[in-house]
2 protein chains.
Amino acid sequence: MDKEKVASTKRRLQDDQVYAALAETFGALADSNRAKILHSLMNEELCVCDIACLIGISDSAVSQHLRILRTLRLVKQRKSGRMVYYSLNDEHIKVLLDVCLEHTQHG
Amino acid sequence: MDKEKVASTKRRLQDDQVYAALAETFGALADSNRAKILHSLMNEELCVCDIACLIGISDSAVSQHLRILRTLRLVKQRKSGRMVYYSLNDEHIKVLLDVCLEHTQHG
DNA sequence: AAAATAGTTTAGTAATTACGCAGATGTTAA
DNA sequence: TTAACATCTGCGTAATTACTAAACTATTTT
């Protein structure tokens with residue numbers, strides 16, 4: 001074991017909570033339905049029932065997915081009457097999706 | 001429900017397996033110990049026991065994490081005698097970590 | 001006011017996941 | 001060969017997660 005290398009790497013590491021936050025955010029992306037939702041929102045905002053229809057799961061399930069994504073600031077909502085429209089929160093999300101897509105489709 | 005919007009968005013969606021692959025890769029990043037491992041590997045390669053010592057979990061657990069990361073081509077290995085050195089597979093990983101880090105640290 | 005609509009929340013269940021432990025494989029040293 | 005070391009694999013357990021169904025909130029329509 002290389003004690004020197006371990007020590008110098010340890011110095012570069014951040015607090016545990018930083019990695020916990022990273023993992024939590026990646027976790028929000030780690031579900032095919034949520035990935036589909038985010039990809040659907042890349043061009044235009046959609047309401048809950050549009051998304052439910054689009055990907056074929058219940059309104060309830062969509063709402064729960066959106067709550068997870070909203071909590072982590074991956075999507076934002078705009079309320080209008082009884083409708084709630086969702087859109088991507090910022091450009092980070094598109095980059096994450098694009099880079100990961102590129103990685104999975106070849107490497 | 002906006003049938004037109006749903007239809008046009010549906011046309012832009014990819015096959016289910018694309019989202020499954022995305023989710024699987026994000027899932028590999030969705031664990032704080034794996035995030036820590038990947039961050040540790042940003043500067044230099046490390047062997048299994050170095051990583052185990054660094055983040056404070058068993059060799060066995062590290063090995064299992066590395067298998068997950070290797071399967072999804074997030075890390076690659078170099079064997080030398082009985083040691084196995086791991087490093088990041090390509091630049092995508094750094095981008096994903098950096099962009100996500102930026103997102104979590106502010107938004 | 002009553003009914004319908006859009007969305008959220010809660011509860012229960014089935015499936016997945018991360019871990020340590022124990023055992024197996026493979027490599028180097030005595 | 002025997003011993004020691006580095007890593008990997010299989011198993012059982014505890015915790016997490018995603019889903020449906022049902023109940024609830026809030027808004028609009030009749």
Side-chain angles (χ1 to χ4, degrees), chain A residues 1-3 5-6 16 19-38 40-41 45-72 74-87, chain B residues 1-3 5-6 16 19-38 40-41 45-72 74-87:
Chain A
M1 207 186 74
D2 190 333
K3 289 222 171 201
K5 209 192 268 188
V6 170
D16 280 2
Y19 300 105
L22 267 182
E24 201 179 4
T25 296
F26 281 127
L29 299 160
D31 177 272
S32 60
N33 282 330
R34 286 197 293 271
K36 216 181 279 188
I37 289 172
L38 291 171
S40 299
L41 296 175
E45 65 176 17
L46 294 168
C47 65
V48 176
C49 64
D50 283 349
I51 297 171
C53 169
L54 197 58
I55 71 177
I57 60 176
S58 69
D59 288 358
S60 170
V62 171
S63 180
Q64 291 177 72
H65 283 311
L66 288 168
R67 180 173 49 75
I68 291 168
L69 295 172
R70 185 158 26 85
T71 300
L72 294 164
L74 298 176
V75 300
K76 60 190 173 194
Q77 62 178 198
R78 176 178 73 81
K79 295 190 183 184
S80 170
R82 59 189 162 193
M83 310 284 283
V84 181
Y85 293 96
Y86 282 89
S87 55
Chain B
M1 207 184 77
D2 190 334
K3 288 222 171 200
K5 210 192 267 188
V6 170
D16 280 2
Y19 299 106
L22 268 181
E24 202 179 3
T25 296
F26 281 126
L29 299 160
D31 177 272
S32 61
N33 282 329
R34 285 197 293 272
K36 217 181 280 188
I37 290 172
L38 292 171
S40 301
L41 296 175
E45 66 178 16
L46 294 167
C47 65
V48 177
C49 63
D50 283 348
I51 297 172
C53 168
L54 195 59
I55 72 177
I57 60 175
S58 68
D59 289 356
S60 169
V62 171
S63 181
Q64 290 176 76
H65 283 311
L66 288 168
R67 178 174 49 76
I68 291 169
L69 296 172
R70 185 158 24 85
T71 300
L72 294 164
L74 298 176
V75 300
K76 60 190 174 193
Q77 63 179 196
R78 176 178 73 80
K79 295 189 183 185
S80 170
R82 60 190 159 191
M83 311 283 283
V84 181
Y85 293 96
Y86 282 89
S87 55

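By convention in this document, chain letters (A, B, ...) are assigned in the order of the sequence lines, proteins followed by strands, and residues within each chain are numbered from 1.
- Listed nucleotides D:dT7, D:dC19, C:dC19 differ in distance to B:A61; the shortest reach to its side chain belongs to C:dC19.
- Considering every non-hydrogen atom in both A:L54 and A:L46, the closest pair reads CD2-CD1, 4.0 Å.
- Listed nucleotides C:dG7, D:dC8, C:dG20 differ in distance to B:I57; the shortest reach to its side chain belongs to C:dG20.
- Mapping A:M83 and A:S60 onto DNA chain C by nearest heavy atom places A:M83 at the nucleotide closer to the 5' end.
- Listed here is the closest heavy atom pair of A:L66 and A:I37: CD2-CG2, 4.0 Å.
- If you check C:dA18, C:dG7, D:dA18 against the side chain of A:I68, the one that comes closest is D:dA18.
- OP1 or OP2 of C:dA18 sits under 4.0 Å from a side-chain N or O of B:R34.
- The base of C:dC21 does not come close enough to the side chain of B:S58 for any donor and acceptor atom to sit less than 3.5 Å apart.
- At D:dC19, one or more side-chain N or O atoms of A:H65 fall inside 4.0 Å of OP1 or OP2 (strictly under the cut-off).
- Residues B:I51 and B:K36 have side chains not in contact (no heavy-atom distance under 4.5 Å, counting atoms from C-beta outward).
- Between B:H65 and B:I57, some side-chain heavy-atom pair lies under the 4.5 Å cut-off.
- Distances shorter than 4.0 Å separate some side-chain N or O of A:Y86 from OP1 or OP2 on C:dT8.
- Considering only side-chain atoms of B:R82, the nucleotide from D:dT7, D:dG10, C:dT28 that sits closest is C:dT28.
- Atom CG of B:D59 and atom P of C:dG23 are 17 Å apart (whole Å).
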